[in-house]
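So the structure is just underneath, and the comments pick up after that.
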Amino acid sequence: MSGVIKEAVARSVKKSTGIVGLPVVPNARDVLINMYTHTLEVVKAVPAQADYRKAVEEFTTFRLDVVKNTEDIKEIETKIKCGQVEELIEQAKDELELIPVMLKWKPWEKNIKLPIFHPVKALQEAQQEQPAQPAQAAP
């Protein structure tokens, strides 16, 4: 790599997340693609009719599509609207830890119907809303 390219790459990698204990992940996009793909495989152990599986598949598929189709990290963060890519990695880890717990608890066998939050639908609705008018300065 030439010196100019190395310098440009070095400038494009952030030095800190600004969150104590959360280090920068230079290859975050690749990590997210692998984690989201793995999540979609692991959640298949949950019955197909379970609301939990449907919700996990919906938001994970949305996030995976964004990450696969977007090279720029800032753009990924803007499109997903759930924090920095390092935070998205933590969220994906949490989901992967939750799936075995849900398999053990089997809440879908208890006939409990809870309202489902559809993050993709909510994001689409938020994007369709008109931006708020800026407040007028006091005289």
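Note that the structure is predicted; figures quoted are calculated from it, not measured. Hydrogens, waters and symmetry mates are skipped; everything else that's a heavy atom, side chains included, is used.
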| remark: dist L40:CG -> T61:OG1 (nearest 0.5 Å) comes out at 4.5 Å

I'd like a table of donor-acceptor pairs (distance under 3.5 Å, sequence neighbours excluded) in which one partner is a side-chain atom from residues 83-90, with atom names and distances.
{"unit_1": "Q84", "atom_1": "OE1", "unit_2": "K14", "atom_2": "NZ", "d": "2.8"}
{"unit_1": "Q84", "atom_1": "NE2", "unit_2": "T17", "atom_2": "O", "d": "2.8"}
{"unit_1": "E86", "atom_1": "OE1", "unit_2": "K14", "atom_2": "NZ", "d": "2.9"}
{"unit_1": "E86", "atom_1": "OE2", "unit_2": "V25", "atom_2": "N", "d": "3.1"}
{"unit_1": "E87", "atom_1": "OE1", "unit_2": "Q84", "atom_2": "N", "d": "2.7"}
{"unit_1": "E90", "atom_1": "OE2", "unit_2": "K93", "atom_2": "NZ", "d": "3.4"}

| E75 side chain to V66 main-chain N or O, any donor-acceptor pair under 3.5 Å? | no

| task | State the NZ-CG distance between K79 and D65, to the nearest 0.5 angstrom. | result | 10.5 Å

| query | Do the side chains of T60 and V43 get nearer than 4.5 Å, heavy atoms only? | reply | no

| message | Within the 4.5 Å heavy-atom criterion, are D94 and L98 side-chain neighbours or not? | response | no

| If we only count heavy atoms from C-beta on, is the L32 to R63 side-chain gap below 4.5 Å? | no

| Taking only residues two or more places apart in sequence or in another chain, which ones pass side chain to side chain contact (heavy atoms under 4.5 Å, CB included) with T78? | none

| message | Please determine whether a side-chain nitrogen of the Lys or Arg among E58 and K54 lies less than 4.0 Å from a carboxylate oxygen of the Asp or Glu. | response | no

| field | Counterpart residues, side chain to side chain contact (heavy atoms under 4.5 Å, CB included), relative to N34 (two or more places apart) | value | none

| How many angstroms lie between CH2 in W108 and CZ in R53, if you round to the nearest 0.5 Å? | 10.0 Å

| request: Please identify each residue that fulfils side-chain hydrogen bond (donor to acceptor under 3.5 Å, both in side chains) with E77, with sequence neighbours left out. | output: none

| Which pairs pass salt bridge (Lys or Arg N to Asp or Glu O under 4.0 Å) with one or both residues in residues 17-29, sequence neighbours excluded? | R29-E71

| message | Let me confirm one number: the CD1-CZ distance from I80 to F59, rounded to the nearest 0.5 Å. | response | 11.0 Å

| message | Main chain of D72, side chain of T70: is a donor-acceptor contact present, judged purely on distance under 3.5 Å? | response | no

| request: Write out all pairs satisfying salt bridge (Lys or Arg N to Asp or Glu O under 4.0 Å) with one or both partners inside residues 34-46, taking only residues at least two apart or from two chains. | output: E41-K44

| message | Through direct or indirect side-chain contacts below 4.5 angstrom among Ile, Leu, Val, Met, Phe, Trp and Tyr, which residues connect to I19? | response | L22

| field | Under the side chain to side chain contact (heavy atoms under 4.5 Å, CB included) test, residues paired with D30 that sit two or more places apart | value | N27

| query | Nearest 0.5 Å, what's the OG1-CG distance between T39 and L96? | reply | 3.5 Å

| remark: The side chain to side chain contact (heavy atoms under 4.5 Å, CB included) partners of V20 (sequence neighbours excluded) come to none

